[in-house]
Amino acid sequence: MQHRLIWFRDDLRVNDNAALSAALDCQCDVAISAVFLSADSDWKDFHYGRNRLYYTEQLLRNLSEQLAALGIVLEVVRLDSYQAQVTWVAGYCESRSVTDLFLNQEYQWNERIRDHQIVERLPDVTVHTYVDRVLMQPGTVLTGDNRYYSVFSPFKRRWLSIYQEHATGVFDFAGHSRESIKPSAWDPICDQPDSDLSLFPTTESDARALLDEFVTQRLTNYEANRNNPSVLGTSRLSGALARGLLSPRQCVQAAEVTLNRPITEFPSHAFSWINELIWRDFYQHLLVGFPDLSKNKAFRPETERLRWRNNPLDIEAWKNGRTGIPIVDAGMRELATTGWMHNRVRMIVAQFLTKNLLCDWRIGEAHFMKYLVDSDLGSNNGGWQWSASTGTDAAPYFRVFNPVSQGETHDPDAEYVTRFIPELASVPIKKRHSPWSATLPDRYPAPIVDLKSSRQRAIDAFKELKS
Ligand SMILES: Cc1cc2nc3c(=O)[nH]c(=O)nc-3n(C[C@H](O)[C@H](O)[C@H](O)COP(=O)(O)OP(=O)(O)OC[C@H]3O[C@@H](n4cnc5c(N)ncnc54)[C@H](O)[C@@H]3O)c2cc1C
């Protein structure tokens, strides 16, 4: 009899799960088991934090119940490293006579090496791998001479021109009649988050409801509202997408059904949301095309010579939301209290750290990894290197965001900053993005840096690289 093992990773759902639906697609008598493996110390090296791990734990509990209803046991095993995962899977397959291993592809360097090793270690097991994390498999969207794109716009044009021929649609959840069993038990991979994670859906049906609510009620205004952090203008699906509670295919399908047309015919206000899903694909492509990105290296090697200041007091003030620049502090407090931060504000705080404070982007990248529930190497590294002007298609080094005007433009009524910095409530609304121009409230610090001279200092540091 065949024995099929499904190895879950950041794909913690039963609906539209490419590997799961392939494993279930069999009329024959087959044993099916499922596993999720941690890699505790390797994950620590990559700064996986308690928010991400606690959220994963919650999704695993729900997945385990859903699988149990299908008669499948999910084993959750605590391991130390990716190497230990290879050994464990090899041992499991040998001792349980596994004939087929089903898994969805991951694109970070260590994960790819691990999956390669698994195939080598198990010559007698058929390893089936699937595209699940992205809309288009890395390696599909290439330049005319078969290289990976490093600039987003041509990547997107190519992506759109071939999407229809590659789109798989959502995978049916094959109706599977097995007797249900009791969900398994395990030692939690994390029992306490750092933040209040109530923002994030933890069941597939809640994630689906959030997606449906977004595409039917908020997609039309996405373009108009997406940059304003005080309103609920974006989908807030990033945690669900990052941990695989939802798939990007489900997102596209839901939007297409609502608008009753393919994404290539979307009006621009709705297409801008799809554009973000293409950015997401772009960053996964980059991980495969440029493996150094997974190894803590800058995309532009010359920027490794940059003389970062890395002042410990500045870094602490930034992390704690005590820089005296309201939009930066609000963003950092939003991150600490909710495990999420609005995209516009992520860009602002990242530019502030890397330009005004001239701190190495890796410090910010690690801090985000530690707190974000949606932490993802591709998108996080991409966002940080974009902001620091060290990456692909990055912001030009001389275009430094001014956090005060960014705040005034995108949070015009100062609602967002007041929500996260209640001390500012006594300052007139018009001055809340630059409270030092009024009387500073008692408990709020003066700016730790002069915005004008620190901007020039960053530009000079980048210019120095050319000489
Ligand atoms: C410095 C920095 C770090 C970031 N780190 C991460 C990260 O670790 N994980 C992560 O998922 N996103 C990251 N982003 C991208 C973006 O900020 C979040 O995906 C977005 O804020 C999520 O909110 P949402 O779900 O409401 O997005 P929506 O605007 O509704 O977008 C829909 C989905 O598209 C994807 N997406 C949106 N914007 C981007 C983008 N700029 N790049 C890549 N994918 C995008 C997300 O999966 C998101 O859920 C980062 C951005 C910056 C500037």
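These numbers come from the heavy atoms of this one structure, side chains and all, not from hydrogens, waters or symmetry mates. Each residue takes its place number in the sequence, starting with 1. Counting starts at 1 for both ligands and their atoms, following the listed order.
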(request) Within a distance under 4.0 Å of any heavy atom of S375, pick out the atoms of ligand 1 and give their elements. (result) 8 (O)
(request) Tell me which protein heavy atom sits closest to atom 3 (C) of ligand 1, plus the residue, atom name and distance to 0.1 Å. (result) N380 OD1, 3.3 Å
(message) Among L241, L211, D374, which one puts a heavy atom closest to atom 11 (O) of ligand 1?
(response) D374
(message) Among all the protein's non-hydrogen atoms, which is closest to atom 24 (P) of ligand 1, and how far away is it?
(response) R236 N, 3.5 Å
(message) Check for me whether the distance between the ring centres of W159 and F282 falls short of 6.0 Å.
(response) no
(request) Record the part of W386 in heavy-atom contact with ligand 1 below 4.0 Å; permitted values are side chain, backbone, both and neither. (result) neither
(request) State whether a side-chain donor-acceptor pair under 3.5 Å links S389 with K355. (result) yes
(request) Run the numbers for me: atoms of ligand 1, each under 4.0 Å from some heavy atom of W340, listed by number. (result) 22 (C), 23 (O), 26 (O)
(message) Quick check on contacts: which atoms of ligand 1 are under 4.0 angstrom from a heavy atom of F368?
(response) 1 (C), 3 (C)
(message) Strictly below 4.0 Å, N to O, side chains only: are K452 and D450 in salt-bridge contact?
(response) no
(message) Between R61 and E65 (salt bridge meaning N to carboxylate O under 4.0 Å), is one present in this structure?
(response) no
(message) Any carboxylate oxygen within less than 4.0 angstrom of a Lys/Arg side-chain nitrogen, looking at R280 and D374?
(response) no
(message) Just to confirm my output: which protein heavy-atom neighbour is closest to atom 6 (C) of ligand 1, and how far is it?
(response) R346 NH1, 3.3 Å
(request) For the residue pair N104 and D11, confirm or rule out a side-chain donor-acceptor distance under 3.5 Å. (result) yes
(message) So if I count the atoms of ligand 1 from 1 in the order they appear, which ones are less than 4.0 Å from some heavy atom of D376?
(response) 7 (C), 8 (O), 9 (N)
(message) Would S238 count as a polar contact of ligand 1, with the cut-off being nitrogen or oxygen pairs under 3.5 Å?
(response) yes
(request) Taking the six-membered ring for Trp and the full ring for Phe, Tyr or His, determine whether the centres of H285 and F155 are under 6.0 Å apart. (result) yes
(request) Please determine if E106 and R114 form a salt bridge, counting it only when a charged side-chain N lies under 4.0 Å from a carboxylate O. (result) yes
(message) Hydrogens and angles aside, do N62 and T203 bring a side-chain donor and acceptor to less than 3.5 Å of each other?
(response) no
(message) Assess, by modelled atom type and distance only, whether the side chains of Q406 and N402 contain a donor and an acceptor separated by less than 3.5 Å.
(response) no
Side chains of residues 261-271: which donor-acceptor partners sit under 3.5 Å, not counting sequence neighbours?
from : atom 1 : to   : atom 2 : distance (Å)
R261 : NE     : L259 : O      : 3.2
T264 : OG1    : Q164 : NE2    : 3.4

(message) Out of all atoms in ligand 1, which are within 4.0 Å of some heavy atom of W273? Include the element for each.
(response) 28 (P), 30 (O), 31 (O), 32 (C)
(message) What I want to know is whether H342 and ligand 1 share at least one N or O pair that is separated by under 3.5 angstrom.
(response) no
(message) Under 3.5 Å between any N/O of Y283 and any N/O of ligand 1: does that happen in this structure?
(response) no
(request) Identify the protein heavy atom lying closest to atom 37 (C) of ligand 1, giving its residue, its atom name and the separation to 0.1 Å. (result) E276 CB, 3.5 Å
(message) Under a plain distance cut-off of 3.5 Å, with no hydrogens placed, do W340 and S238 share a side-chain donor-acceptor pair?
(response) yes
(request) Please report which non-hydrogen protein atom sits nearest to atom 43 (C) of ligand 1, along with the residue it belongs to and the distance in Å to one decimal place. (result) S379 OG, 3.5 Å
(message) Regarding ligand 1, does S235 bring an N or O atom to under 3.5 Å of one of the ligand's N or O atoms?
(response) yes
(request) Consider every N or O of L237 and every N or O of ligand 1, then say whether any pair is closer than 3.5 Å. (result) yes
(message) Quick test: of every protein heavy atom, which one is nearest to atom 17 (O) of ligand 1, and how far off is it to 0.1 Å?
(response) N343 OD1, 2.7 Å
(request) Evaluate ring pair (Phe, Tyr, Trp, His ring centres under 6.0 Å) for F36 paired with F8, printing each intermediate quantity in order. (result) CA-CA 5 Å; F36 177 91; F8 282 91; 8.4 Å; no
(message) Suppose we measure from atom 2 (C) of ligand 1 to each protein heavy atom; which comes out shortest, and what is that distance?
(response) G383 CA, 3.7 Å
(request) Enumerate the atoms of ligand 1 whose separation from the nearest heavy atom of M347 is less than 4.0 angstrom. (result) 53 (C)
(message) For atom 29 (O) of ligand 1, what is the closest protein heavy atom, and at what distance to 0.1 Å?
(response) Y222 OH, 2.5 Å
